[in-house]
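What follows is a single structure, written as structure tokens, with notes after it.
These figures come from a predicted structure and were not determined experimentally. In what follows, chains carry the letters A, B, and so on, assigned in the order in which the sequence lines appear, proteins first and then strands, with residues in each chain numbered from 1.
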Amino acid sequence: QQQVKQSPQSLIVQKGGISIINCAYENTAFDYFPWYQQFPGKGPALLIAIRPDVSEKKEGRFTISFNKSAKQFSLHIMDSQPGDSATYFCAARRNRDDKIIFGKGTRLHILP
Amino acid sequence: EPEVTQTPSHQVTQMGQEVILRCVPISNHLYFYWYRQILGQKVEFLVSFYNNEISEKSEIFDDQFSVERPDGSNFTLKIRSTKLEDSAMYFCASSVGGSGIGTQYFGPGTRLTVL
């Protein structure tokens, strides 16, 4: 119930391509879904986040698509660049909870 | 841009020893957190702290762990008697608000190696 399942574990995309990472959850009490980006030797950094009352949120090349009925959400990175190579974590949090529950992460590598 | 800082970046200790991991949260933040990431696994919540009290903790945060805000700037995680399975990257985070409000900002982490 408290898990967030993330796939794929690793992803290789050509420069300029679209990177897609998928996540699924069970707990309908989750109401905040952030994505974190982590570079080697650094902590996770908030990239973009969405609440379940919207189906899509876009910030620059990064878009979250949210399907409340399917309990799934995904991150799309358009025009992927080598600088996007990092580990991406989807996550979820219940309202009034402190803890963020992370997925297992996707290691993304963009080929130059 | 203000950021969370952590020291040391890498700590090596013998099993059974006590370790203290240190964090300096962002200065106007009121909520503080510790997470850990065992190598190759997901980031896991340990504890949250507000107003000099633990506000939430996970099942991982047992009696071997404690947190403290010893002064106005530092936030520490103490592991009393380290075990091999405590080897992980430990991240401190802070936020302006808690209970679902406010973005949590993470520090760069302390890599703890227990031998």
> Would you say B:Lys42 has more than 12 foreign heavy atoms packed within less than 6.0 Å of its NZ?
Replying inline: yes

> Does CZ in A:Arg107 sit with more than 12 non-hydrogen atoms of other residues, nucleotides or ligands closer than 6.0 Å?
Replying inline: no

> Is the backbone of A:Asp98 close enough, under 3.5 Å, to the side chain of B:Tyr31 for a donor and an acceptor to pair up by distance?
Replying inline: no

> Is it the case that more than 12 heavy atoms not belonging to B:Glu85 sit under 6.0 Å from its CD atom?
Replying inline: yes

> Closest heavy-atom contact between A:Pro44 and B:Phe106?
Replying inline: O-CB, 3.2 Å

>> With clusters defined by side-chain heavy atoms of hydrophobic residues (ILVMFWY) lying less than 4.5 Å apart, directly or transitively, does B:Met15 cluster with B:Phe65?
In response: yes

>> Does any backbone or side-chain atom of B:Tyr105 lie under 4.5 Å from a heavy atom of chain A? Answer side chain, backbone, both or neither.
In response: neither

> Can you find a heavy atom in the side chain of B:Glu56 that is under 4.5 Å from one in the side chain of A:Lys99?
Replying inline: yes

>> Other residues, nucleotides and ligands only: do more than 12 of their heavy atoms fall within 6.0 Å of CG on B:Asp63?
In response: no

> With a 4.5 Å heavy-atom cut-off, do B:Gln37 and A:Phe89 have their side chains touching?
Replying inline: yes

> So which part of B:Tyr35 gets closer than 4.5 Å to some heavy atom of chain A, the side chain, the backbone, both or neither?
Replying inline: side chain

> Hey, is CG on B:Leu39 packed in by over 12 heavy atoms from elsewhere, all under 6.0 Å?
Replying inline: no

> Heavy-atom distance under 4.5 Å to chain B: side chain of A:Tyr36, backbone, both or neither?
Replying inline: side chain

> Can you get from B:Phe32 to B:Leu30 by hopping between Ile, Leu, Val, Met, Phe, Trp and Tyr side chains that sit under 4.5 Å apart?
Replying inline: no

> Measuring heavy-atom distances to chain B, does A:Lys42 have an atom under 4.5 Å in its side chain, in its backbone, in both, or in neither?
Replying inline: backbone

>> For chain B, which candidate among A:Leu46, A:Ile101, A:Ile100 shows the most heavy-atom pairs at distances under 4.5 Å?
In response: A:Ile100

>> Quick check on the interface: out of B:Glu44, B:Arg111, B:Gln104, who has the most heavy-atom pairs with chain A under 4.5 Å?
In response: B:Gln104

> Taking a hydrophobic cluster as the set of Ile, Leu, Val, Met, Phe, Trp and Tyr residues connected by side-chain heavy atoms closer than 4.5 Å, whether directly or through intermediates, do B:Leu77 and B:Phe91 fall within one such cluster?
Replying inline: no

> Is chain B contacted by the side chain of A:Gln38, its backbone, both, or neither, given a heavy-atom distance below 4.5 Å?
Replying inline: side chain

